[in-house]
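Quick note: numbers below take in every heavy atom, side chains included, and nothing from hydrogens, waters or symmetry partners. Both ligands and their constituent atoms are indexed starting at 1 by order of listing. Given the structure is predicted, the values throughout are model-derived calculations rather than measurements.
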Amino acid sequence: MNNRTTRALRRSGALCAGLAALAACGAGGGSVSSTGRGPITYVAGADNTGTVQAILDRWNKLHPKERVTFVQLPTDADAQRQQMIQNAAIRSDAFTVLSLDVVWTSEFAAHRWVDRLPEDRFPLDEMLTPIVATGMYRGGLYSVPASSDGGMLYYRTDLLEQAGIDRPPVTWAELKADCAKVRKLPAAKGVSCYAGQFQKYEGLTVNFAEAVNSAGGVVTDAEGRPHLDTPQARKGLDFLVRSFKDGTIPKEAATYQEEDARRAFQSGKLVFERQWPYMYPLVNKKDGASRVAGKFAVAPLPGLSGPGASSLGGHNLALSASARNKATALDFIRFFTSQDTQRFSLAYAPAAPTYKALYADPRLVKKYPYLPVLKQSILHAVPRPRVFGYGDVTAAVQREAFAALTGAESSASALRNLQRDLQELAAGK
Ligand code: GLC
């Protein structure tokens, strides 16, 4: 155990002590031994499917003395992060188990806002490898994957078919050419070509990084060094900037978060949309809310000269360092992240499981036809920068990308500024 870890564990008041505790210390050594049993809270973005409460009800039935209460935060990822950081800053015990966006693990672990967890208590080898990596920081496990996420291209099968197109586009040029054909159809009157999530929030970082990665570039390398002043990054950002300019992407998409983009797609306003899997069954509902139920499918994201690469999304459970009843919390994290719970929640609503077996289950694939495309999306996905100061990095990306998309700045100068900002952040200036 290095000094830093030892200090962190002392501060959290829970050093692994003695042989008995070692069993819970994990392979990397030095996990927190969690003590205390009683009521806890589960803190996550608002859930409009009812699945989360159903999972918590299951737990509460089995553990009446260790009940868990759902603390619902806003759906906007940035707002969730802010509230969790504020809770950590005042060392409050109001939040116990945190549903962290996968991109926050390093930041929360480095600040010791969350405890290190015992690897050997979770069946991590049964999960897809890139997903497990999102929970690790400096060789230790700090958050356990509960759900993953991969971006996919949703497309209107009916419109493509009517335009004589027999497969979804693989490149951006094909996407634009397909739209030109579709737009000539009487059925496509008033329909725009493409949208993603371009409001100035975490979703913009996701979409910007996907554009850069899908043109063969990287936002930051494995050491956290930025590489944005490159022809590849420029081509990626230019795809978005030009698409806004030439109307491929409708202007209002600059205000879209996930739900806005979903509403646009399900009301028949788009031929193509970049979106997470949660949207699939919602848009397929036959209750009249969606005008495109049964008229769409999913494909891998397109790229500059071949298939693109999604940003890796998802949520992991972590244990707030200032929480009470940590032994209960650890058991709850095991329960919530188990394969059994993921199966249970798939019976309720769509999700992106973390377990390999669930992607290979024929009954689930029949119910959720997006699963094979999603698995590929996750396996080829690129993580967003894994850096200590992720909050500052994403704020800089959002600022410069938004300026370029709205025409306030050229792509070249936005990328130059971003390169400089990220370099400064990496150097700790
Ligand atoms: C989804 C993803 C998450 C991402 C967010 C952006 O919730 O799972 O990783 O940061 O969307 O809006």
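The 12-atom threshold is exceeded at CZ of R420, counting heavy atoms of other residues, nucleotides or ligands nearer than 6.0 Å.
The immediate protein surroundings of ligand 1, defined as residues with any heavy atom under 4.0 Å of it, consist of D101, D149, Y201, E202, G203, E258, W276, G313, G314, H315, R384.
Ring orientation note: the planes of W59 and H63 are close to parallel, at an angle under 30° on the 30°/60° scale.
A salt bridge between E409 and R399 is absent, with no side-chain N of the basic residue lying under 4.0 Å from a carboxylate O of the acidic one.
In summary, the side chains of T134 and N316 do present a donor paired with an acceptor at a separation below 3.5 Å, with no hydrogens or angles considered. S345 and T51 share no donor-acceptor pair across their side chains, judged by distance under 3.5 Å alone.
Partner F296 forms a ring-ring contact (aromatic ring centres under 6.0 Å, His included) with one of Y280, Y370, F272 and no other, that one being Y280.
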